[in-house]
S.K.: 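There's a structure below that I have some questions on.
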Amino acid sequence: MTKEVRVRFAPSPTGGLHIGGVRTALFNFLYARKHGGKFILRIEDTDQTRFVPGAEEYIIETLKWCGIEPDEGVGYGGEYGPYRQSERKPMYRQYAERLVEAGYAYYAFDTSEEIEAMRNRLKADGNPSPQYNWAIREYMKNSLTLPADEVKARLAAGEPHVIRIKMPRKDEVKFHDLIRGWVSFQTAQVDDKVLLKADGMPTYHLAVVVDDYTMKISHVFRGEEWLPSAPVHVLLYKYLGWEAEMPEWAHLPLILKPDGNGKLSKRDGDRLGFPVFSLDWQTPNGELQSGFRERGFLPQALINFLVLLGWNPGVVQELFSLDELIQLFDIARVHHAGAKFDFEKCKWFNHQYVQRISNSVLADATLKTLAAKNISVDRAYLEHVCGLVKERCTFISDVWDNAFFFFTAPESYDLDAVKPKWTAAKSAFFTDLCNGLNAMQDWSHQSIESHFKELAAAQGIKVGELQMPFRIMLCGGKFGPPVFEIAATIGKSESISRIEKALTAFN
RNA sequence: GCCGCGUUGGUCAAUCGGCUAAGACGCCUCCCUUUCACGGAGGAAUGACGGGUUCGACUCCCGUACGUGGUACCA
């Protein structure tokens with residue numbers, strides 16, 4: 001009997017959620033669903049100095065928008081709460097002290113100035129960032145170097161201190177990663193990480209292990225940036241006697257900048273003109289960082305794009321519903337290497353999804369734009385227009401730009417496109433056309449088109465020569481869906497009035 | 001610097017020792033359409049490098065190079 005799958009997404013509420021985080025959440029979600037397990041949201045707010053109000057709500061809203069909501073956790077309840085680390089503060093110290101008693105950790109009283117001084121002293125060309133490790137700790141102020149009674153006295157006096165893990169001087173930590181296979185580290189290479197901070201809060205290292213254990217997490221899927229500290233976590237499971245319950249690990253490849261060097265960061269969006277956040281995010285100092293949602297992306301498209309960034313089911317199909325993803329998802333098929341973010345491809349996915357949504361949904365998205373312009377239209381009319389312009393919309397917010405002439409008559413015309421070839425005969429054609437259209441009973445694009453063509457034939461003018469001017473009369477420029485569809489949609493009187501109005505501008 | 005993890009077209013990628021190396025995005029050409037788009041048909045473009053192992057290596061091993069992550073009382 002295999003243990004219940006319980007995975008968690010554990011972001012820290014320090015700002016907007018960037019797409020790397022969304023992808024991590026997605027992989028967790030898919031795995032949980034695929035294996036009938038639970039997807040948990042835990043908030044890692046152990047750094048009070050970095051806490052940003054609103055960030056937590058933002059994270060929840062993002063997951064909701066994406067359709068990958070947690071089963072348990074902050075905002076969702078559950079039996080293993082609280083799910084906010086700040087609210088779990090009292091429980092961490094006992095574990096840290098247990099480690100000290102067992103000799104796996106120690107108290108350290110060094111001030112940050114003293115550590116800084118140590119680093120400066122030891123900094124050399126060959127060692128630009130000295131670590132507080134097995135060698136250095138001998139020379140620092142901690143319970144390993146200080147006499148026991150002095151340690152006791154300092155503790156009793158309430159002197160600020162941290163608890164650090166005592167990394168073995170010579171050992172190898174080996175663990176299995178679902179994506180990368182066996183990974184091993186020499187403990188001499190990793191430093192004595194702080195487990196419990198002077199303010200009594202745990203660091204990430206202690207908190208993840210304690211929380212994952214107490215919340216019965218079965219699998220930990222997190223970004224590759226955690227790989228170097230994984231040996232600390234593995235050792236902690238061992239030292240705490242939880243080795244048998246240690247979750248399985250999977251370190252996800254990073255999402256990289258499109259133009260090389262480095263992982264995608266918040267700044268890249270502004271720099272390269274695309275969103276990196278899921279939703280718009282207003283930073284505490286008033287800066288607005290744009291999100292995929294506000295940019296006109298459909299959540300299904302973002303999900304589809306992100307899931308394929310670092311994972312591939314090995315089939316030719318590439319448009320997948322969430323249900324299909326759940327069926328196909330396999331953590332072992334996740335790539336080892338980081339993937340560059342490709343905004344063009346991301347847009348392509350969105351375009352694909354825009355083609356698949358109903359006109360009604362598109363209409364809803366367009367309503368706001370129309371309202372802002374004080375335009376009120378008939379619902380059926382709007383939906384029909386959406387259907388006509390859909391194929392040229394990449395974003396749901398593109399409707400207006402592709403359809404404005406359905407709501408308002410052109411103010412000006414692309415005269416360069418008509419003037420050079422404009423003739424009195426053509427002018428006469430359009431005057432006659434108005435009369436003809438006016439007399440039509442069946443106002444469908446088919447009958448408009450046949451009447452148009454018959455008239456052109458009767459007057460000996462090539463249809464092609466006439467269609468462009470007609471289009472410009474109705475839309476103002478060289479764009480839009482088929483002309484006769486436009487005429488049919490805006491209606492008889494509107495069509496005629498636009499032709500007449502344009503005629504004065506053309507002549 | 002040290003440690004870890006990587007490396008198939010410009011990008012996302014398939015391949016699990018038999019490759020004439022899929023597919024998609026983007027790009028280019030043509031067709032459709034006298035707008036734009038959609039659609040269709042083509043095209044250019046890929047195994048970092050050097051050594052092994054093997055009848056055979058993109059696939060396995062070792063080096064080198066390069067990229068990337070970590071090296072905080074941040075996560």
Side-chain angles (χ1 to χ4, degrees), chain A residues 10-14 44-47 49-50 85 108 110-112 115-116 119 123-133 160-164 177 179-180 183-186 188-191 193-205 207-208 222-231 251 253-254 256-263 305 308-319 333 335-349 351 355 389-394 402 414 417 462-468 470-472 475 477-483:
Chain A
S12 42
T14 53
E44 311 226 321
D45 55 350
T46 53
D47 187 351
T49 62
R50 294 214 306 162
Q85 291 182 331
D110 317 273
T111 63
S112 38
I115 291 174
E116 175 81 356
R119 291 223 166 89
K123 215 174 272 184
D125 272 358
N127 186 10
S129 51
Q131 298 185 317
Y132 199 121
N133 61 13
H161 63 277
V162 301
I163 292 178
R164 308 185 87 112
D177 183 286
I179 296 171
R180 293 155 211 279
V183 181
S184 69
F185 289 84
Q186 292 302 321
Q189 297 296 335
V190 355
D191 60 342
K193 292 268 181 260
V194 169
L195 263 20
L196 198 76
K197 305 190 253 189
D199 64 3
M201 276 289 199
T203 57
Y204 173 84
H205 308 294
V208 242
R222 59 198 342 180
E224 196 189 339
E225 69 269 28
W226 291 111
L227 200 46
S229 49
H251 293 270
L254 269 11
L256 274 14
K257 298 177 198 293
D259 55 351
N261 15 68
K263 56 176 176 178
F305 168 72
L308 258 16
L309 214 51
W311 171 77
N312 189 290
V315 296
V316 174
Q317 179 187 352
E318 52 186 345
L319 258 21
R333 284 191 68 97
H335 264 245
H336 301 185
K340 286 184 183 168
F341 177 83
D342 180 356
F343 192 50
E344 290 306 317
K345 183 116 189 200
C346 188
K347 286 197 291 193
W348 177 80
F349 274 105
H351 182 259
Q355 303 322 301
V389 301
K390 205 190 232 177
E391 69 190 26
R392 58 211 83 203
C393 293
T394 293
N402 286 295
D414 181 354
K462 279 196 278 185
V463 180
E465 301 263 309
L466 263 10
Q467 281 196 55
M468 185 53 78
F470 189 29
R471 167 177 299 284
I472 292 171
C475 317
K478 296 194 279 190
F479 40 70
V483 239

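So you know, we letter chains A, B, ... as the sequences are listed, proteins then strands, and number each from 1.
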S.K.: By the 4.0 Å heavy-atom rule, please label A/Asp45 as base, sugar-phosphate, or nothing.
M.R.: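 Touches nothing.
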S.K.: Under 4.0 angstrom, heavy atoms only, what part of the nucleic acid is A/Glu224 near: base, sugar-phosphate, or nothing?
M.R.: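 Result for A/Glu224 = base.
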S.K.: Kindly indicate whether the side chain of A/Lys340, heavy atoms from C-beta on, has any atom under 4.5 Å from the side chain of A/Lys257.
M.R.: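 Answer no - side chains too far apart.
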S.K.: Of the nucleotides B/C25, B/A75, B/C38, which one has an atom closest to the side chain of A/Glu344?
M.R.: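 Shortest atom-to-atom distance from the side chain points to B/C25.
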S.K.: What is the nucleic acid contact for A/Phe185, judged by heavy atoms within less than 4.0 Å: base, sugar-phosphate only, or nothing?
M.R.: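 Since only primed, P, OP1 and OP2 atoms lie under 4.0 Å of A/Phe185, the category is sugar-phosphate.
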S.K.: With a 4.0 Å cutoff (strictly under), does any side-chain N or O of A/Arg50 reach OP1 or OP2 of B/A75?
M.R.: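 For B/A75, OP1/OP2 do not have a side-chain N/O of A/Arg50 under 4.0 Å.
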S.K.: Could you check how far CD of A/Glu391 sits from P of B/G39, rounded to whole Å?
M.R.: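 My rounded result for the distance is 8 Å.
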S.K.: May I ask which nucleotide in the shown strands pairs with B/A57, Watson-Crick or G-U wobble, both distances under 3.5 Å?
M.R.: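 None - no nucleotide pairs with B/A57, as no candidate has both distances under 3.5 Å.
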S.K.: Any side-chain to backbone donor/acceptor pair from A/His336 onto A/Ile179? Under 3.5 Å, distance only.
M.R.: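 A pair under 3.5 Å: yes.
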S.K.: Can you tell me how far P in B/A22 sits from the matching atom in B/A45, rounded to whole Å?
M.R.: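 About 13 Å, rounded to a whole number of Å.
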S.K.: Paired with B/U64: which nucleotide, if any, by Watson-Crick or G-U wobble criteria at under 3.5 Å for both distances?
M.R.: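 Looking at the geometry, B/U64 pairs with B/A48.
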S.K.: Could you check whether any side-chain N or O of A/Gln355 sits under 3.5 Å from a backbone N or O of A/Lys390, counting only pairs where one atom can act as donor and the other as acceptor?
M.R.: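 Such a contact is found between A/Gln355 side chain and A/Lys390 backbone.
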S.K.: Using a cut-off of 4.0 Å on non-hydrogen atoms, how would the nucleic acid contact of A/Thr46 be classed: base, sugar-phosphate, or nothing?
M.R.: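 Touches sugar-phosphate only.
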S.K.: What is the distance, to the nearest angstrom, from the CD1 atom on A/Ile179 to the P atom on B/G69?
M.R.: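 After rounding, the gap between these two atoms is 17 Å.
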S.K.: So, OP1 or OP2 of B/A14: does either fall under 4.0 Å of a side-chain N or O from A/His335?
M.R.: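 So the side chain of A/His335 is within the cut-off, an N or O lying under 4.0 Å from OP1 or OP2 of B/A14.
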S.K.: Report the distance from atom CZ of A/Arg119 to atom C1' of B/C2, rounded to the nearest whole Å.
M.R.: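 Going from A/Arg119 (CZ) to B/C2 (C1'), I get 15 Å.
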S.K.: Assign A/Gly310 to base, sugar-phosphate, or nothing according to its heavy-atom contacts below 4.0 angstrom with the strands shown.
M.R.: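 Sugar-phosphate, no base atom in range.
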S.K.: When you compare B/C12 with B/U20, how far apart are their C1' atoms, in angstrom units rounded to a whole number?
M.R.: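 Roughly 24 Å separates the two C1' atoms.
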S.K.: Any base atoms under 4.0 Å from A/Val183, or only sugar-phosphate, or nothing? Heavy atoms, all strands.
M.R.: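 The answer is sugar-phosphate, as A/Val183 gets under 4.0 Å only of primed atoms, P, OP1 or OP2.
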S.K.: In whole angstroms, how far is the P atom of B/U34 from the CD atom of A/Glu465?
M.R.: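 After rounding, the reported distance stands at 13 Å.
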S.K.: With respect to the phosphate group of B/U15, does any side-chain polar atom (N or O) of A/Arg333 fall under 4.0 Å of OP1 or OP2?
M.R.: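 A/Arg333 to B/U15 OP1/OP2: side-chain N or O found under 4.0 Å.
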S.K.: Looking only at non-hydrogen atoms, find the nearest pair between A/Glu224 and A/Leu254 and report the distance.
M.R.: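 Closest pair (atom of A/Glu224, atom of A/Leu254, distance): N-CD1, 3.7 Å.
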S.K.: Paired with B/C16 by Watson-Crick or G-U wobble geometry, both distances under 3.5 Å: which nucleotide is it?
M.R.: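 The answer is none; no pair meets the criterion.
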S.K.: Within the structure, does a side-chain N or O atom of A/Lys340 lie under 4.0 Å from either OP1 or OP2 of B/C25?
M.R.: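 No, no such contact exists.
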S.K.: Using atom P of each nucleotide, how far apart are B/A21 and B/C28 to the nearest Å?
M.R.: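 Between the two P atoms, the distance is 26 Å.
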S.K.: Identify whether any heavy atom of A/Lys390 sits under 4.0 Å from a base atom; if not, whether one sits that close to sugar-phosphate; answer base, sugar-phosphate or nothing.
M.R.: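 Touches nothing.
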S.K.: Using atom C1' in both nucleotides, what's the gap between B/C61 and B/U29 to the nearest angstrom?
M.R.: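 Approximately 46 Å lies between the C1' atom of B/C61 and that of B/U29.
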S.K.: What is the distance from CZ of A/Phe305 to C1' of B/A13, rounded to the nearest Å?
M.R.: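 For the pair A/Phe305 CZ and B/A13 C1', the rounded distance is 13 Å.
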S.K.: For atom P, what is the distance between B/G50 and B/A57, given to the nearest Å?
M.R.: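 Rounded to whole Å, the distance is 14 Å.
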S.K.: At under 4.0 Å, does any side-chain N or O of A/Gln189 touch on OP1 or OP2 of B/C2?
M.R.: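 For B/C2, OP1/OP2 do not have a side-chain N/O of A/Gln189 under 4.0 Å.
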S.K.: Of all heavy-atom pairs between A/Gln85 and A/Val208, which one has the smallest distance, and what is that distance?
M.R.: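 Looking at all heavy atoms of both residues, the shortest contact is NE2-N, 4.3 Å.
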S.K.: Counting only Watson-Crick pairs (N1-N3 plus N6-O4 or O6-N4) and G-U wobbles (N1-O2, O6-N3), all under 3.5 Å, who is the partner of B/U29?
M.R.: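 Paired with B/U29, as far as the under-3.5 Å criterion goes, is B/A41.
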S.K.: Please work out if A/Arg180 contacts a base, only the sugar-phosphate, or nothing of the nucleic acid, heavy-atom cut-off 4.0 Å.
M.R.: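 A/Arg180: backbone/sugar contact only, no base atoms under 4.0 Å.
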S.K.: Mind checking A/Pro481 for me? I need base, sugar-phosphate or nothing, with any heavy atom below 4.0 Å counting as a touch.
M.R.: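 It contacts base atoms.
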S.K.: Who is the Watson-Crick or G-U wobble partner of B/U34, with both distances under 3.5 Å?
M.R.: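 B/U34 is unpaired by these criteria.
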S.K.: Rounded to whole angstrom units, what separation is found between the CG atom of A/Leu254 and the P atom of B/U68?
M.R.: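 Rounded to the whole Å, the gap is 11 Å.
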S.K.: Students often get this wrong, so: under 4.0 angstrom with heavy atoms, is A/His251 touching a base, only sugar-phosphate, or nothing?
M.R.: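 No contact.
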S.K.: Scan A/Ser12 against the nucleic acid and name what it touches under 4.0 Å (heavy atoms): base, sugar-phosphate only, or nothing.
M.R.: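 Sugar-phosphate contact only.
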S.K.: Whether A/Lys197 contacts B/A72 is assessed here as follows: a side-chain N or O lying under 4.0 Å from the phosphate OP1 or OP2. Is that the case?
M.R.: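 So the side chain of A/Lys197 is outside the cut-off, no N or O lying under 4.0 Å from OP1 or OP2 of B/A72.
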S.K.: Say you pick atom C1' in B/G47 and the same atom in B/U8; how far apart are they, in whole Å?
M.R.: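 Here B/G47 and B/U8 have their C1' atoms 4 Å from each other.
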S.K.: Strictly distance-based, threshold 3.5 Å: is any side-chain N or O of A/Arg119 a donor or acceptor partner for the main-chain N or O of A/Pro130?
M.R.: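 Yes, the answer is positive, given that a donor and an acceptor are paired below the 3.5 Å cut-off.
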S.K.: Ignoring backbone atoms, establish whether A/Lys193 has a side-chain N or O less than 4.0 Å from OP1 or OP2 of B/A75.
M.R.: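 Negative; the distance criterion is not met.
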S.K.: Would you please indicate if the ring centroids of A/Phe305 and A/Phe341 are separated by under 6.0 Å?
M.R.: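 That pair passes the under 6.0 Å test.
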S.K.: What is the separation between atom CG on A/Leu319 and atom C1' on B/A24, rounded to the nearest whole Å?
M.R.: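 Taking atom C1' of B/A24 as the reference, CG of A/Leu319 is at 10 Å.
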S.K.: Regarding A/Ala198, tell me which of base, sugar-phosphate or nothing describes its non-hydrogen contacts under 4.0 Å with the strands shown.
M.R.: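 Base contact.
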S.K.: A/Lys462 has a side chain; which of B/U71, B/G26, B/U34 sits nearest to it?
M.R.: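 Among the listed nucleotides, the one closest to the side chain of A/Lys462 is B/U34.
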S.K.: Find the distance A/Trp311:CH2 to B/U15:C1' and express it as a whole number of Å.
M.R.: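 Rounding to the nearest Å, CH2 of A/Trp311 and C1' of B/U15 are 17 Å apart.
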S.K.: State which of B/G1, B/A24, B/U35 makes the closest approach to the side chain of A/Met468.
M.R.: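 Closest nucleotide among those given: B/U35.
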S.K.: Between B/C60 and B/C16, how far is it from one C1' atom to the other, in whole Å?
M.R.: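 Taking atom C1' in both B/C60 and B/C16, they lie 11 Å apart.
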S.K.: Indicate yes or no for a side-chain donor-acceptor contact from A/Lys197 to the backbone of A/Thr46 under 3.5 Å, with no hydrogens or angles considered.
M.R.: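 Yes, because the side chain of A/Lys197 sits within donor-acceptor range (under 3.5 Å) of the backbone of A/Thr46.
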S.K.: Regarding A/Val162, tell me which of base, sugar-phosphate or nothing describes its non-hydrogen contacts under 4.0 Å with the strands shown.
M.R.: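 The residue A/Val162 makes base contact.
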S.K.: Where the side chain of A/His336 is concerned, which of B/A75, B/G6, B/U35 is the nearest nucleotide?
M.R.: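 Of the candidates, B/G6 comes closest.
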S.K.: Going by the angle between their ring planes, with limits at 30° and 60°, are A/Trp226 and A/His205 parallel, tilted or perpendicular?
M.R.: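 Judged by the thresholds at 30° and 60°, the geometry between A/Trp226 and A/His205 is perpendicular.
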S.K.: Which part of the nucleic acid, if any, lies within contact of A/Pro482, taking any heavy atom under 4.0 Å across all strands shown: a base, the sugar-phosphate backbone alone, or nothing?
M.R.: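 Contact class for A/Pro482: base.
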S.K.: Return the nucleotide paired to B/C2: Watson-Crick means purine N1 to pyrimidine N3 with N6-O4 or O6-N4, wobble means G-U with N1-O2 and O6-N3, both under 3.5 Å.
M.R.: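 By the stated definition (distances under 3.5 Å), B/G70 pairs with B/C2.
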S.K.: Using the P atom as the point on both nucleotides, what is the distance between B/A37 and B/U46, in whole Å?
M.R.: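 My reading of the P atoms in B/U46 and B/A37 gives 29 Å.
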